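Heads up, the thing below is written out as structure tokens.
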Amino acid sequence: MLVNLCGPPGAPIFLVGEAPGEEEDRIGLPFQGRAGTVLNILLAQAGIARNTCLIKNVAKLRPQANKISHFFFDSQCTNPKPELVEWIEELRQEIVSNKPNVVVAMGATALWALTGEKKISKFRGYVMESTLVPGQKVFATYHPQAVGYDWKLAFYVIMDFVKAKYHSGFPQLPVSKTHPKEAMIEEFITYLEWLVASPEIEKVAFDLETTSPGCHPSVIGFAHSKSEGVSFRLLMNGYPTIPEREELLLWQAVARVLAQKKCIIQSALFDASVMLQHLHIYVRKLVMDTLIGAHVCWPECPRDLGFLASICLDTAPWKHTSKEDQVIYNCLDAINDVGIEEFLWKEIARQGVEKTFNFEMSEIEPAIYMQLRGLKINEEERVRLLEKANTDVADTGAALKLLTGRDINFNAPKQIQQLLYIDLGFPVQYHRRKSVEEERKISVDAKALKMLSIKFPKDPVFNLVLAHKRAIKLRSFFKIKLSPEGRVHSSFNVTGSSEKAEGKDEGEGQKSFSRWSSSKSIILPYGNGNLYNIPPQARKMYVADKGKVLVQADYVQAEAVVVAYLINDTRLKRLFKDRFNAAPEDKEKYDVHRTTASMMFGVAEAEVTPELRKIGKTLRHACNYSAGPMVLATRLNCEMADAKKFLQSYHNMCPQLQLWYGRVQEELRKTRTLTNLLGRKHRFLGRFDDELFRSAYAYNPQSTVGDLLNASMVSAYRFYKMDIWLTLYDAIYIQCSPTETAEAKETLRSVMLRPLTYNYETFTIDVDFKVGENWGEMTTL
DNA sequence: GATTTTACGTA
DNA sequence: CGTACGTAAAATCT
């Protein structure tokens, strides 16, 4: 059936797709079936009502095998057959007669028909002029069908629709009018002085390019409007471009600007850290870190400037110029950051996320402080531990050589596969697959080895390989380079996962549930990099500064408490409340896992053996995140059937949990948005499947605890000037003089005991304290 | 030489 | 079909 244009005549938005599918063909309307559902979701998320848009496809008939190439003579789809030419002419007339403010080309075919361009990934997010209807504003994005195949694209398309909605307000094509400028030294200083002397300029954007290694500034740039900025080159091929005397004048002028003007930076944790580390200039009036603004508004999106510009601005692409002209590139970064900042303020207000934004901004200063100060390492201890680790690796390695008669690299999965599955002929173990169509992948990871050791309990090879691999892994934590001051550093990422962590698992894109992440510092590249995965055995070498001790304050059973309130488990709420109110010496009486086991197996608390308690603990943990029997079986080292029985009895004991799963799903279906107990929102845009749901179950407990901890840390830093040593998911470590530990404990208690409210009920997560000279050996305080 | 895969450490 | 994060080294691609 022919599918015609539909929607109100004269509508400001005109959506153009590719060709009708099966459903459209039957009904005679565009975007009906799956692609239609996806389009509805995307439009709704962007705040566009579908019935206010004109919608049609380039082709009016369903092509054979749903392949658009059917309407072309060539496979590249550039030489259309007469019927398609006719349809495109009809499209032209419809655009002319309806005069939409913006035509949205969805997918490559629409883009080609409207503009003659082919590459949708290159042009998405950018405004173009139509070649089909000269003067007509066209805006390109992916086809909803593409989103159906790859949900990562949903983020882009929604943002694009938001921009299209803005462009539907007026018909004019934007004119690019940025004026980046490279200045000589006198000119640059004059510019900086002019900035200081101009009261009408309240805010400036600031950006640095730096050399690697060491991150010394090589280009510095400021922008004072969405179109104008000036940059200056400090280093040319590693050598200064100006004499020291002039450089001093330059930095003095920079310091004056940064002291007096409000400042916009993309990623202040980098730029402001570099300024503090190398120039001792602190950016005091940071009003907007655009990285944080973007994270708060769109936590699931990429946050680099190129992406943000495609969402927020009508500027021409400039990121590709970074190699050609670093100075102009730097200047465009600063100029465009001004425009992005303006856009973000509106978006923050529109979404009502000011509180979360201010909160995240307040984390910047302590994070900069922590990453530049670093952690002291006890070098003698490190050497001792390394030697011990070397011995362990040598011992297990020698035993393996003796046992197998081979000398192989146990860091190489291929070699272990050869040894176990070919040379020794053991049954091949595979990774779990997400679906049956997926290819089976051979595995020699810890899980596979454990499985084999259960199947062949008499053969020592598996446990030996496991021990050897563990020893190698542990040793890697001691093979680190220290700074000249004997310290290690890391860079903290307030907005969660780093933007380049793209290729991990296909599907979702950035997640970031308000916990920080830790990674290798490029400013001070010493130590392991990630401070959030140091095993307990390696923590002994991390020590407080001279004359100080560490005080650890950690939230007790934090996520389990949040879950108890979310699902309204009265028994558990009582338990946590009682523990909270109990005298310190009585606290250990209140043990969630023992209670869990006692309920599950119907035995008195006193009768719960350590084995039963372990089952209770594992079950609670696994169920809070909706784990399956398979995982449970490997975790508990038991049969699948037993794992299923355990799950059943857990859910019998605690039916509220599954009711809560249902409520979360309902909420997702309604708004696709969850809000944690501190008001932070997160959109879940993936396909409605178990993966999405599990991620959603984890969101509230995980992000609430993350925000709670960070709020406490900021308050300890800001109002009590505490020396924050490290934060770690649910613990704050501070360092202080050994005589001040009792005082520190009380202060930490006062900032950390923050009431949370859910469903008109208020509760507080308890805090435990420890003290010690090093991170590995701490005792109750 | 750059990118992807595999494995494994933390809460 | 726990979630979230990062890094090292091997394997693979170009």
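Numbered from 1 within each chain, the chains take letters A, B, ... in sequence-line order. Computed from a prediction, not measured in an experiment: that's the story for all the values here.
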A:N624 pairs by side chain to side chain contact (heavy atoms under 4.5 Å, CB included) with which of A:V563, A:V562, A:I567?
A:V563

N or O in side chain of A:S517 less than 4.0 angstrom from C:dA4 OP1/OP2
no

What is the distance, rounded to the nearest whole Å, between atom NE2 of A:H682 and atom P of C:dA4?
9 Å

Testing the basics here: between A:T727 and A:M713, what is the closest heavy-atom pair and its distance to 0.1 Å?
CG2-CG, 3.5 Å

4.5 Å side-chain heavy-atom contact, A:F307 and A:D304
yes

Closer than 4.0 angstrom, basic N to acidic O: yes or no for A:R384 and A:E387?
no

So what does A:D690 touch, heavy atoms closer than 4.0 Å: a base, only the sugar-phosphate, or nothing?
base

Going by the side chain to side chain donor-acceptor pair (under 3.5 Å) test, which pairs reach into residues 764-778 of chain A, not counting sequence neighbours?
A:R579-A:D766, A:R579-A:D768, A:K587-A:D766, A:Y733-A:W775, A:N774-A:E777

Base, sugar-phosphate, or nothing: which does A:S703 touch, judged by heavy atoms less than 4.0 Å apart?
nothing

Need one value for A:A446: base, sugar-phosphate or nothing, where a base atom within 4.0 Å counts as base even if backbone is also close, heavy atoms only.
sugar-phosphate

Can the ring centres of A:F576 and A:Y565 be said to be less than 6.0 Å apart?
no

Rounded to the nearest Å, what distance is computed from the NZ atom of residue A:K473 to the P atom of nucleotide C:dG6?
14 Å

Consecutive-pair stems (at least three Watson-Crick or G-U pairs, under 3.5 Å) that include DNA chain C
B:1-11 with C:3-13

So, OP1 or OP2 of C:dA4: does either fall under 4.0 Å of a side-chain N or O from A:R515?
no

Quick one, A:F426 with A:Y421, criterion ring-ring contact (aromatic ring centres under 6.0 Å, His included). Give me CA distance, side-chain angles, the key distance, then yes/no.
CA-CA 5 Å; A:F426 287 109; A:Y421 301 144; 8.3 Å; no

Taking for A:K447 and for A:W516 the nucleotide of DNA chain C with the nearest heavy atom, the one nearer the 5' end belongs to A:K447

Counting the atoms with a prime plus P, OP1 and OP2 as sugar-phosphate, which does A:V705 contact under 4.0 Å by heavy atoms, base, sugar-phosphate, or nothing?
nothing

Residues within residues 525-540 of chain A bordering DNA chain C, heavy-atom distance below 4.0 Å
A:N530, A:N533

With sugar-phosphate meaning primed atoms plus P, OP1 and OP2, does A:K414 contact a base, only sugar-phosphate, or nothing at under 4.0 Å between heavy atoms?
sugar-phosphate

Could you give the OH-to-P distance, from A:Y697 to C:dT3, as a whole number of Å?
12 Å

Taking only the side-chain nitrogens and oxygens of A:H431, find out if one of them lies under 4.0 Å from OP1 or OP2 of B:dA7.
yes

Between atom CD1 in A:I765 and atom C1' in B:dA11, what is the gap in whole Å?
14 Å

Can you figure out which of C:dT7, B:dT10, B:dC8 approaches the side chain of A:Y729 most closely?
B:dT10

Can you tell me how the ring of A:F410 sits relative to the ring of A:H468, calling it parallel under 30°, perpendicular over 60° and tilted otherwise?
perpendicular

Could you check A:H682 against A:S703 for side-chain contact (heavy atoms from CB on, under 4.5 Å), going step by step and ending with a plain yes or no?
CA-CA 10 Å; A:H682 194 101; A:S703 73; over 6 Å; no

OP1 or OP2 of C:dT7 under 4.0 Å from side-chain N/O of A:K520:
no

When the distance from NZ of A:K469 to C1' of C:dA10 is rounded to whole Å, what number comes out?
12 Å

Remember a base hit wins even if backbone is also touched, and classify A:A622 as base, sugar-phosphate or nothing at under 4.0 Å, heavy atoms.
nothing

Spell out, as yes or no, whether a donor-acceptor pair under 3.5 Å connects the side chain of A:R672 to the backbone of A:R683.
no

Atom-to-atom span, CG of A:N411 to P of C:dA8 - whole angstrom:
12 Å

Candidates C:dT3, C:dT7, C:dA11 - which lies nearest the side chain of A:A412:
C:dA11

Would you say CD of A:Q537 has more than 12 non-hydrogen atoms from neighbouring residues, nucleotides or ligands within 6.0 angstrom?
yes

Closest approach to the side chain of A:P413, judged atom by atom: which nucleotide of C:dC5, C:dT3, B:dA7 is it?
B:dA7

Selection from C:dG6, B:dC8, C:dA4 that lies nearest to any side-chain heavy atom of A:D445
B:dC8

Mind checking if A:N409 touches a base, just sugar-phosphate, or nothing, with heavy atoms under 4.0 Å?
sugar-phosphate

Provide, to the nearest angstrom, the distance between the CZ atom belonging to A:R470 and the P atom belonging to B:dA7.
16 Å

CG of A:D730 versus P of C:dT3: gap in Å, rounded?
19 Å

